[in-house]
Structure formats: structure tokens, C-alpha cells
Amino acid sequence: MAALMMRVGPGSFASARVYRPALCSAAAAILRSVSVSATQSSSLPERVKIVEVGPRDGLQNEKTVVPTEVKIRLIDMLSEAGLPVIEATSFVSPKWVPQMSDQEEVMRGLHKKAGVNYPVLTPNLKGFQAAMKAGAKEVAIFGAASELFSKKNINCSVDESLLRFEEVMRAANQEGVPVRGYVSCVLGCPYEGKVSPNKVAEVAKRLYSMGCYEISLGDTIGVGTPGGMTEMLNAVKKEVPVEALAVHCHDTYGQALANILVALQNGVSVVDSSVAGLGGCPYAQGASGNVATEDVVYMLHGLGIHTGVDLPKLLDAGSYICHSLNRRTNSKVAQASCKL
Ligand code: HMG
Ligand code: MG
């Protein structure tokens, strides 16, 4: 391990080689066999857009500073793996989230690949203006269906946050910049407990009416179950067309893949996930990482659903970031690929 860390560790970036555990023939055959081979059920979408949130949602929660060049290399590896959207960083206060304080350098350093979007989080006009200066072409605003979470996360009530987001939206419209909207705590809140599906639907509707082209429904602390997901989606779909919905599942209780499958059966075709299952929210204690992108891709390909993602290259990206952070992957597929 020490030797590997020397090769891929932050200090040796220039000469870093990706650690790629030799896949045994059984593992390689299994990965090949899930490449969009199954007969697809008619109730599922033909294609799913994966929004990779690892570099932002994944790394924002790391205790030790992740070097900027490691973040950039990760983003580049993810774009090489075929991810169509990679949330690159966030333009939030460095006092609140120190891990994202190199947002400008990240935006300037990444090698933009044609056809790939690199959205960034902007909680207010100040963040939006900084994002524009750094060359961002798409932003995301992030609200919540829980008052207490909103206060802890962005220091204002839900209504106040929506007023701030309207300012961002006006500025974005002037610049012709698309805006994505998040609703956090859609299946439960770390401070308020149960969250009403109607409240989720109300906030989603307001973000959509404001002009967000897509609304990502976040199970921020990963407490949801397929039953709760169905109930919540039924309420939201009355207010926002399902084509404009995405799901963003953290995997704290191991329910994320089941929740995603239920969302697909409900017509959702955009899924957020994080390479190696990195992440959590600094203002939602105990929340684990997002569902691992590798596991989502494996499931989708097994269902015959196209993603455009190259799973072996994605596994390389997961392996790179785990070795850089000296941590174990949370992806079951990555774990199995090493062991098989
Ligand atoms: P505030 O303290 O209320 O802001 O924070 P303020 O307007 O009173 O300003 C206070 C200071 O912050 C001032 O600086 C401002 O200039 C500065 P000072 O005069 O003290 O030196 N400031 C900023 N600096 C940089 N960028 C900005 C910015 N705005 C103000 N954009 C604020 C309000 C929103 C800024 C703060 O609460 C914040 O940064 N929160 C970020 C929280 C965060 O990033 N959480 C994680 C992302 S959300 C998430 O993970 C959930 C999600 O994944 C979905 C899910 O899982 O459900 C999306
Ligand atoms: Mg999240």
C-alpha cells in the first residue's frame, strides 16, 4: 500500500499511474456480460443520464484537504469514462466548506471535454458571479424541504433561500446559463425527521416554475425506502413533469439502488451518483456517501439501459481517488472486481 500511495499520492501527481487491480478473467467476463445485454423491461427508460457528483458531493466532506491536482485528475478521468455531467465543485463560503475553497483553480484546471457539462453549486448571487468568472457554464441552486436543514446548510429559511435563488436565476437568464435545482431531505431530515411529500412537491414546483430545467430530489441522509420514494414521487410528479426529475440517493441504510430502481419504474431517467460512493453532507451528520456510480452503472447495464459510461474506466477513476485518499471504496462492484 505504501508503494502504491507513493505512486498515486498527492505529492507525486505528475508521475502518478492509476492503480488498477488486475481483473481476473472471471471479473472481466462479468463486467463485459453486463454491458447492456439484458432484454429491457418496457416500464424502464432506454437511456439514463448519470450526473456524477463525486468531485463535489463526494469530496466536500473529506476531513483532510484534497489537493487541487487530485480533484482535477479525478474529473478528467471521469470525463474519459464517458460521464456526461460531472458536478465539479461549489462556489460556497470557504468558511463553511473549506474543502471547496479551491473552486476557481479546479474550474480553470480541468480539461473540458466536448459534450460534457461541468455544473457547479451556487447558493447565492455572490457564488454565481464567482462561478461565471471562473468559466462555469452551468450552475445548480440547492434548497431543502426541511426548514431546519435549510437553516443549518445555507443559513436561511426555505422561503429566504427561494428569494436568493430567484436572484441567481435572473442573473443566469441574462447570461444564458442553465440552472439545475436541488431539493434536499426529500425522504427525511436529520433535524426534523419525517418530511411531508407535499412539502417536497411544493419546493420542487417553486424551483421548476422559477426556471430550473431539472430538479434533483435528494435523500440527503439516505433514510428512504422504495415505499417512501414511491409516495414522494407520486406527490412531486403532480407538480413537475417526470422528464425534469432526477434522484440523488445517499446510501446510509443500503437502500439507494432499490430506491433508484423504483424511481426508474416511475419514469425518472436522471440519476445522481458518486464514484466509489464517496461523500456526505457536512450539515447532515452521519449521512454516508452517495450511491456509488460503479454500482449504478452495473445495475443499469444489467437492465439493458444505456448510460454511455465505460465501466472499467470508471473503476479506474474510483481506484485512483481511493488510493489518493487512502481509503477503501464503497462500491460493491469495485470491491467484487478486485476479489473475484
Ligand atoms: P452566510 O454566513 O449566511 O452568508 O452563509 P452571508 O451572506 O451573511 O456572508 C457571510 C460571509 O460569507 C461574507 O464574508 C460573504 O462574503 C461570504 P465575510 O464578510 O464574513 O468575509 N459569502 C461567500 N463566500 C464565498 N462564496 C459565496 C458566499 N456567500 C457569502 N457564495 C452561505 C450563507 C450560503 C454562503 C453559507 O451558508 C454556505 O456557504 N453554505 C454552503 C453549504 C454547503 O455547501 N453545503 C453542502 C452542499 S448541499 C448538499 O450537499 C446537498 C446536496 O448534495 C443534495 C442532497 O444530498 O440532498 C446538494
Ligand atoms: Mg448530496
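Here the structure is a predicted model, which means the values were calculated and not measured. Counting starts at 1 for both ligands and their atoms, following the listed order.
- Contact of the Ser273 side chain with the Ile50 side chain is registered, since non-hydrogen atoms from C-beta on lie closer than 4.5 Å.
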Can Arg327 and Glu62 be said to form a salt bridge (Lys or Arg N to Asp or Glu O under 4.0 Å), step by step?
CA-CA 11 Å; Arg327 62 148 69 198; Glu62 285 300 312; 2.5 Å; yes
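- Within a 6.0 Å radius of NZ in Lys152, other residues, nucleotides and ligands contribute 12 heavy atoms or fewer.
- Checking Phe142, Phe149, Trp96 against atom 37 (O) of ligand 1, the nearest heavy atom belongs to Trp96.
- Here is the list of ligand 1 atoms found below 4.0 Å of a heavy atom in Pro123: 31 (N), 34 (C).
- The Mg ion (ligand 2) lies closest to atom OD2 when only the N/O/S atoms of Asp57 are considered.
- Considering only heavy atoms from C-beta on, Val85 stays 4.5 Å or farther from Leu83 through its side chain.
- We find that Glu214 and Lys49 are joined by a salt bridge, their nearest charged nitrogen and carboxylate oxygen being less than 4.0 Å apart.
- Every N/O-N/O distance between Ser90 and ligand 1 stays at or above 3.5 Å.
- Environment of NZ in Lys112: crowded, with over 12 heavy atoms of neighbouring residues, nucleotides or ligands closer than 6.0 Å.
- Remark: the backbone N or O of Cys156 is paired with a side-chain donor or acceptor of Ser150 at under 3.5 angstrom.
- Against a heavy-atom cut-off of under 4.0 Å, Asn155 is close to the following atoms of ligand 1: 1 (P), 2 (O), 3 (O).
- Residues passing the salt bridge (Lys or Arg N to Asp or Glu O under 4.0 Å) test with Asp272 are Arg180, sequence neighbours excluded.
- Within the listing of ligand 1, atoms 18 (P), 20 (O), 21 (O) sit less than 4.0 angstrom from a heavy atom of Lys95.
- Near Gly127, meaning under 4.0 Å from any of its heavy atoms, are these atoms of ligand 1: 31 (N).
- For the pair Asp219 and ligand 1, the shortest N or O to N or O distance does not fall below 3.5 Å.
- Those atoms of ligand 1 that come under 4.0 Å of a heavy atom in Ser184, given as number and element, are 51 (C), 54 (C), 55 (C), 57 (O).
- Listed for the Glu175 side chain is no donor-acceptor partner under 3.5 Å among the backbone atoms of Val177.
- When non-hydrogen atoms are compared, ligand 1 lies under 4.0 Å from neither the backbone nor the side chain of Met100.
- Here is the list of ligand 1 atoms found below 4.0 Å of a heavy atom in Arg56: 47 (C), 49 (C), 50 (O), 52 (C), 53 (O), 58 (C).
- At least one N or O atom of Gln60, backbone or side chain, sits closer than 3.5 Å to an N or O atom of ligand 1.
- In summary, the atoms of ligand 1 found under 4.0 Å from a heavy atom of Asp57, numbered by their order in the structure, are 50 (O), 53 (O).
- Residue pairs that meet the side-chain hydrogen bond (donor to acceptor under 3.5 Å, both in side chains) test with at least one member in residues 188-212, sequence neighbours left out, are Asp159-Arg206.
- When Asn153, Val53, Leu125 are ranked by how near their heavy atoms come to atom 40 (N) of ligand 1, first place goes to Asn153.
- Heavy-atom proximity to Val97, at under 4.0 Å, picks out these atoms of ligand 1: 43 (C), 44 (O).
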